[in-house]
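Keep in mind it's a predicted model, so treat the numbers as computed, not measured. Here is how names work: the chains are called A, B, and so on, in the same order as the sequence lines, proteins then strands, and each is numbered from 1.
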Amino acid sequence: GAGVSQSPRYKVAKRGQDVALRCDPISGHVSLFWYQQALGQGPEFLTYFQNEAQLDKSGLPSDRFFAERPEGSVSTLKIQRTQQEDSAVYLCASSLGNRGSYNEQFFGPGTRLTVL
Amino acid sequence: AQSVAQPEDQVNVAEGNPLTVKCTYSVSGNPYLFWYVQYPNRGLQFLLKYITGDNLVKGSYGFEAEFNKSQTSFHLKKPSALVSDSALYFCAVRAAGRRALTFGSGTRLQVQP
């Protein structure tokens, strides 16, 4: 079956522009995660959804970052008034289980955001 | 707060030799540990996980990892390296009660023919 897909794969934005990044999780996966991966670093957690509920947004770096998953499937990560420090690869992951499970997360290919 | 350390930025090994990629962690309570591999322009791929039970965990592509509670380590191993194993490897930990993974900074494995 299809894995996690993300679009666009590459995005170039001018400083101050708003961007929206899309994630299509694996069908039937309850949990969805967003991570930010800076160059040469490991991914860092941004936020987590269980179905449509955003249960953890402790990793969002500022109020310019906003994520939603209104119907419990596709998710969008929005960054308002982009800054150069937002340049990174944004990874989406999904997993089968709910909050108490230990299922592994399956990652998409990422969206590489470059802010000029 | 949990953390993961991967002390080696790069590991070089000859094809056919055993390989070890090191990982130590810090977490409150029981740890849930994962290894992922990242190939260029591709997403992270799951290799294996430790949740509970046997300290030696076997995973994909012939990889295994040994959980050592006293040393708070979860080193990745493979008995015989392949050139195709060359990639970036990430160790991650999840604390009980949280779903987020905390990743290490990654170790680049280079297997020479």
What distance do E44(A) atom CD and F103(B) atom CZ have between them, rounded to the nearest 0.5 Å?
10.5 Å
Can you confirm whether E85(A) is buried at CD, in the sense that more than 12 heavy atoms of other residues, nucleotides or ligands lie under 6.0 Å from that atom?
yes
Does any heavy atom of chain A fall under 4.5 Å from the side chain of Q38(B), the backbone, both, or neither of them?
side chain
Counting only heavy atoms not in R15(A) (residues, nucleotides, ligands), do more than 12 fall under 6.0 Å from its CZ?
no
Is there a path from I51(B) to V57(B) through hydrophobic residues (I, L, V, M, F, W, Y) whose side chains come within less than 4.5 Å of each other?
no
Decide whether F46(B) and F33(A) are clustered together by the hydrophobic rule: side chain heavy atoms of Ile, Leu, Val, Met, Phe, Trp, Tyr closer than 4.5 Å, transitively.
yes
Counting only heavy atoms not in Y61(B), do more than 12 sit closer than 6.0 Å to its OH atom?
no
Donor-acceptor contact present, side-chain Q105(A) to main-chain R99(B), <3.5 Å
yes
P43(A) side chain reached by F90(B) side chain, heavy atoms, under 4.5 Å
yes
I want to check a possible cation-pi pair here: R98(B) against F45(A), using under 6.0 Å from ring centre and within 45° of the ring axis as the test.
yes
Which bit of L44(B) comes within less than 4.5 Å of chain A, counting heavy atoms only: side chain, backbone, both or neither?
both
Taking atom CG as the centre, does L116(A) end up with more than 12 heavy-atom neighbours from other residues, nucleotides or ligands that are less than 6.0 angstrom away?
yes
Taking Y35(A) for the side chain and L101(B) for the main chain, is one N or O donor matched with an acceptor at less than 3.5 Å?
yes
Cluster check V11(B), L47(B): I/L/V/M/F/W/Y, side chain < 4.5 angstrom
yes
Determine whether Y36(B) and F107(A) make a side-chain contact, defined as any pair of heavy atoms from C-beta on separated by less than 4.5 Å.
yes
Taking side chain as everything from C-beta outward and backbone as N, CA, C, O, which of these in S58(A) sits under 4.5 Å from a heavy atom of chain B? Side chain, backbone, both or neither.
side chain
Sort R112(A) into side chain, backbone, both or neither according to what part of it lies under 4.5 angstrom from a heavy atom of chain B.
neither
